[in-house]
Amino acid sequence: MRIPLTLLALTSSCFSALALDLKGRIQWNTACPGIGSLGQASVVLDNGKLRGGVTRDGSFVIPEVPAGTYVLSVLAHDHVFENMRVDVLDTETLPEVRPYFLGTPLSPTSPVTLPYPIQLTAQRRHDYFTPRQSFNVIEMFKNPMMMMMLGAGVLVLLMPMMMKNMDPEVMEEFKERQAKMAGVQSALQSGDLASGFSQLLSGGSDEPKAATSGTSKGSGSSGAKQRTGKNKRR
């Protein structure tokens, strides 16, 4: 049992030798002037795979970070921080720090490198309060539904004036069509589709009947005139 234990000790020492304590500092600014404004926060790698706390002076240490590529971010309740790409190498050289934007691929790497230890600054504060919107007449009239209501109201107001200036024959025809449409709507609302469609078809066939009746009357009158003319000649 001594040989496996020694091998385990050797492998653990090798991993600890390859691991690195990642160090950095949060620079205070107007958005985050101190630890009192920052509150409880932690610096994490890959959304919490590894993490480290923030001290009063803004420094942080993430212990025993193995070799690899990580995305460094700050978990804070009231502040927004920039994200970093951190490449921890297998050699004893310092890690490489680059800017990173969430949603972009990790490769190819950015040619811009940042200094180590890592320097982080707060970009802005989270604004959880949304002010209540005040009443705005202009915004209300920009609503399409309000525009439709205004157009309908204008038509209702102008309809009596248009009816007064309308020709009596056109007025009667308009009333007849309006009554037919009301009958069709009532039939459709009651579920009687057959009568509704029959009324629509009958409304379209009334005009040809009137035209044929007018032509038959004209032809009858012309025939009567011709007969009277023949009788006079005799």
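The closest side-chain heavy-atom distance from Pro99 to Leu114 is below 4.5 Å. Looking only at side-chain heavy atoms (C-beta outward), His126 and His77 stay at 4.5 Å or farther from each other. Using a 4.5 Å heavy-atom threshold, the side chains of Phe60 and Val74 count as separate. Between Leu106 and Tyr100, the closest side-chain pair of non-hydrogen atoms falls below 4.5 Å. Using a 4.5 Å heavy-atom cutoff, the side chains of Leu22 and Tyr70 are not in contact.
The minimum heavy-atom distance linking Ala122 with Cys32 is given by the pair CB-CB, 3.7 Å. When all heavy atoms of Ile62 and Gly52 are compared, the pair lying nearest together is CG1-N, 3.9 Å. Contact between Asp21 and Pro63 at its shortest, heavy atoms only, is OD1-CA, 3.2 Å.
Atom CZ of Arg25 and atom OG1 of Thr55 lie 7.0 Å apart (nearest 0.5 Å). Atom CD1 of Ile26 sits about 10.0 Å away from atom CG of Asp57, to the nearest 0.5 Å. Summarising the geometry, atom CG belonging to Asn29 is positioned 13.0 Å from atom CZ belonging to Arg124; distances are rounded to the nearest 0.5 Å.
Through chains of ILVMFWY side-chain contacts below 4.5 Å, Met145 is grouped with Met148.
Using modelled atom types, no side-chain atom of Asp78 and backbone atom of Ser37 make a donor-acceptor pair closer than 3.5 Å.
Listed by chain and number, the residues in a side chain to side chain donor-acceptor pair (under 3.5 Å) with Gln27 are Gln119 (sequence neighbours excluded). For Ser110, there are no side chain to side chain donor-acceptor pair (under 3.5 Å) partners at least two apart in sequence or on another chain. Remark: Ile35 engages Trp28, Leu38, Val54, Arg56 in a side chain to side chain contact (heavy atoms under 4.5 Å, CB included) (not counting sequence neighbours).
Under the 4.5 Å side-chain contact rule for hydrophobic residues, Met84 and Leu75 do not share a cluster. By the rule that hydrophobic residues join a cluster once side-chain heavy atoms approach within less than 4.5 Å of another member, Leu20 and Leu94 end up as members of one cluster. The hydrophobic cluster containing Tyr116 also contains Val65, counting ILVMFWY residues as joined when their side-chain heavy atoms lie under 4.5 angstrom apart, directly or transitively.
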Expected list for residues 42-50: side-chain donor-acceptor pairs under 3.5 angstrom, two or more places apart:
{"residue": "Ser42", "atom": "OG", "partner": "Arg51", "partner atom": "NH1", "Å": "3.4"}
{"residue": "Asp46", "atom": "OD1", "partner": "Val71", "partner atom": "N", "Å": "3.0"}

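Within the structure, the salt bridge (Lys or Arg N to Asp or Glu O under 4.0 Å) test picks out the following pairs touching residues 95-111 (sequence neighbours left out): Asp87-Arg98, Glu96-Arg98.
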